[in-house]
Visitor: 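Quick one: the structure is below, and I'll ask about it shortly.
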Amino acid sequence: MDRKKRGMAAGSAKEAAGRLHLLTLRFLAGALTVFLVLVPASGVWMATQMVRYSVLLDFWGYVSHGSGIGSLLAFSLCYFGLFSTLFWLCLVCRRLRAVKRAVVWSMAWVPAVNYGLAFYVRRLAKQEIDHMIHKISLDDVRADRQVCKTRYPLLLVHGVGFRDFHYFNYWGRIPRELKRNGAQVYYGHQEAWGTIEENAKILQGKIREICKETGAPKVNIIAHSKGGLDSRYLICGLSMAPYVASLTTINTPHRGSALVDFLMKLPDGVYRRACRGIDRYFGVLGDKTPNAYVASRQLSCGYAAEFNKKYPDDKRVYYQSYASRMKNGFSSKLFCIPYWILKRLDSPGDGLVTVESARWANFQGVVSSRYLRGITHGDMIDLTREDYPGFDVLEFYIQLVKKLGEMGF
């Protein structure tokens, strides 16, 4: 009970912080709008006074007139106000990442350029304000509806190369949002570089713990990337179908990844040394039996073909799948290089997995956006904790879980 109260208190504090952030953002955006009008207006006034009193020919005559000095002070104050507001808005606006902030701050002192930058930052701030207002209005409507309450608890299963850390959540803001809307959320806690078989055993024990704790006979699994393969083996290979109501896979390489086939062409000695380094690193982070060599090769196209034959879907479990797609290599600094390699080897995808590989039973479609950026492999788990125009990752998961609840799961 104390834990629940602490969670509610933390949620209320975060909600209050969110509303304060919105208020600050609206104030700064409004102030910037005012200064964008005042700067050219005061500049025109100052220029007319300089011409009127011939500042270049009779500087002291210009200085002696109050209107001349007043126009100069007005322009200076408005210009300083524009600069200061732009600085603080860059600091507050979450849609400006570190690199963009650095660019704006470094160029903000350049006349005319800073004016254009101010319009750009104001546009981003307005997008964030509109998004936050829409989000708050939705939250107010859903406050008592518990739209994410499902018959069975949710088990979130992460992908390769990550762990379920307490202070750095693999799933970003998603679990908190689901809980706030009524969901029971648990984590797989499988290893970052465990093999499919070893990770499935960990998931098996976790499901038994959840069922014992909650009294629920089954769980709904939502799995990202390799976590979908761990979960499929869990259901079929370890005969856990009676304990799984549904499996939702997101960007899972069901048919393997050509990127892994590409890496497997490296000399075996080099490949093994790199994998041993990964094993040592993740052993320090908590993996008990890391095996990057086998775990990575289990993502190859050849292994996937054999895996699919050996471990078919179980009819007692509802399966569904999603994919996402980047629209170009510049959509992400993190996934740009693998995107271009994958595009050349196979076809475009999310930067690591193609759409065809992620397509599985009851395919729900490709997640993208109407803008040029597209949606990456990491965007689907809120990796950067960033809101992108045309795609709301939190709303995506709310609707996903809501649908599971409406289907009786």
Side-chain angles (χ1 to χ4, degrees), residues 157-162 192-193 195-196 223-233 247-268 270-272 274-275 278 292-313 319-381 383-384 388 391 393 396:
V157 179
H158 67 71
V160 70
F162 286 87
W193 286 98
T195 63
I196 290 175
H224 178 252
S225 194
K226 177 178 171 287
L229 302 180
D230 296 344
S231 301
R232 284 179 54 201
Y233 180 83
L247 169 61
T248 302
T249 61
I250 299 171
N251 300 62
T252 292
H254 293 287
R255 294 173 178 81
S257 175
L259 283 172
V260 176
D261 292 349
F262 175 74
L263 292 174
M264 285 171 59
K265 292 179 181 178
L266 291 171
D268 191 61
V270 174
Y271 195 97
R272 286 183 181 276
C275 289
I278 293 172
Y293 183 80
V294 175
S296 59
R297 295 170 84 89
Q298 287 180 330
L299 300 175
S300 66
C301 297
Y303 183 89
E306 293 299 319
F307 181 88
N308 294 337
K309 291 178 184 177
K310 194 172 181 180
Y311 304 107
D313 294 346
Y319 292 78
Q320 64 176 352
S321 60
Y322 290 87
S324 72
R325 180 168 50 213
M326 294 168 60
K327 292 188 177 179
N328 58 73
F330 298 100
S331 294
S332 168
K333 295 183 288 293
L334 181 61
F335 294 100
C336 61
I337 293 176
Y339 170 85
W340 282 318
I341 295 174
L342 187 61
K343 182 179 180 180
R344 185 173 182 83
L345 295 174
D346 193 344
S347 63
D350 63 6
L352 293 178
V353 180
T354 65
V355 171
E356 284 306 310
S357 186
R359 186 190 300 268
W360 199 244
N362 296 307
F363 184 58
Q364 300 298 311
V366 180
V367 179
S368 189
S369 72
R370 64 179 183 271
Y371 295 95
L372 293 176
R373 186 185 184 282
I375 306 302
T376 72
H377 194 79
D379 293 338
M380 293 301 293
I381 53 166
L383 182 65
T384 62
Y388 298 112
F391 174 65
V393 66
F396 169 81

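Computation of the quantities below employed the complete heavy-atom set of this structure, encompassing side-chain atoms and omitting hydrogens, waters and symmetry-equivalent molecules.
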Visitor: In Å, rounded to the nearest 0.5 Å, how long is the span from OG of Ser257 to CG of Leu299?
Guide: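 Answer rounded to 0.5 Å: 7.5 Å.
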Visitor: Looking just at side-chain N and O atoms, do His254 and Thr249 make a donor-acceptor pair shorter than 3.5 Å?
Guide: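 Per modelled atom types, His254 and Thr249 side chains form a pair under 3.5 Å.
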Visitor: Looking at Lys327, I'd like to know if its NZ atom is crowded, meaning that more than 12 non-hydrogen atoms belonging to other residues, nucleotides or ligands lie closer than 6.0 Å.
Guide: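 Enclosed: over 12 neighbouring heavy atoms sit under 6.0 Å from NZ of Lys327.
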Visitor: Once the angle between the rings of Tyr233 and Tyr311 is folded into 0 to 90°, is it parallel (under 30°), tilted (30 to 60°) or perpendicular (over 60°)?
Guide: perpendicular
Visitor: Tell me if the CG atom of Leu266 is crowded by more than 12 foreign heavy atoms within 6.0 Å.
Guide: yes
Visitor: What is the minimum heavy-atom distance between Leu342 and Ala258, and which atoms define it?
Guide: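 Heavy atoms of Leu342 and Ala258 come nearest at CD1-CB, 4.1 Å.
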Visitor: Are the side chains of Met264 and Arg297 in touch, meaning some heavy atoms are under 4.5 Å apart?
Guide: yes
Visitor: Rounded to the nearest 0.5 Å, what's the gap from CH2 on Trp340 to CG on Leu345? Could you check?
Guide: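 Answer rounded to 0.5 Å: 14.5 Å.
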Visitor: Should His377 and Leu383 count as side-chain neighbours, where that means a heavy-atom distance under 4.5 Å?
Guide: no
Visitor: Could you give the distance from OG1 (Thr376) to CZ (Arg325), rounded to the nearest 0.5 Å?
Guide: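 Rounded to the nearest 0.5 Å, the OG1-CZ separation comes to 14.0 Å.
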Visitor: Do Ile196 and Phe307 come close enough that some side-chain heavy atom pair is under 4.5 Å?
Guide: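 They are in side-chain contact.
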Visitor: Within a strict 4.5 Å, meaning less than it, do heavy atoms of the Leu352 and Asn251 side chains meet?
Guide: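 SC-SC contact between Leu352 and Asn251 ruled out.
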Visitor: Between atom CD1 of Ile375 and atom CG of Asp350, what is the distance when rounded to the nearest 0.5 Å?
Guide: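 One gets 10.5 Å once the value is rounded to the nearest 0.5 Å.
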Visitor: For a quick test of reading the model, state the closest non-hydrogen atom pair linking Ser225 to Gly159 and the distance between them.
Guide: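 Smallest interatomic distance, heavy atoms only, reads CB-CA, 4.0 Å.
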Visitor: Indicate yes or no: at least one non-hydrogen side-chain atom of Val367 is less than 4.5 angstrom from one of Val393.
Guide: no
Visitor: Can you confirm if the NZ or CZ of Arg344 lies within 45° of the ring axis of Phe262 and under 6.0 Å from the centre of its six-membered ring?
Guide: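 Pair Arg344/Phe262 does not count as cation-pi.
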Visitor: Could you report the tightest heavy-atom contact between Ala304 and Gly256, atom names first, then the distance?
Guide: CB-N, 3.3 Å
Visitor: Of the non-hydrogen atoms in Leu247 and Ser231, which two are nearest, and what is the gap between them?
Guide: CD1-CB, 3.6 Å
Visitor: A side-chain contact here means heavy atoms from C-beta on lying under 4.5 Å apart; do Tyr303 and Val260 qualify?
Guide: no
Visitor: With a 6.0 Å cut-off on the ring centroids, do Phe335 and Tyr339 count as close?
Guide: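 No: the rings miss the under 6.0 Å criterion.
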Visitor: Give the ring-plane orientation class for Phe396 versus Phe391, where under 30° counts as parallel, over 60° as perpendicular and anything between as tilted.
Guide: tilted
Visitor: Locate the shortest heavy-atom distance separating Tyr271 from Ser296; write the atom from each residue and the value.
Guide: OH-OG, 2.7 Å
Visitor: At their closest point, which heavy atom of Thr252 faces which heavy atom of Ala223, and how far apart are they?
Guide: OG1-O, 4.1 Å
Visitor: Is a side-chain donor or acceptor of Arg255 paired with a backbone partner of Asn308 at a separation under 3.5 angstrom?
Guide: no
Visitor: Atom CG in Leu263, atom OG in Ser300: separation rounded to 0.5 Å?
Guide: 11.0 Å
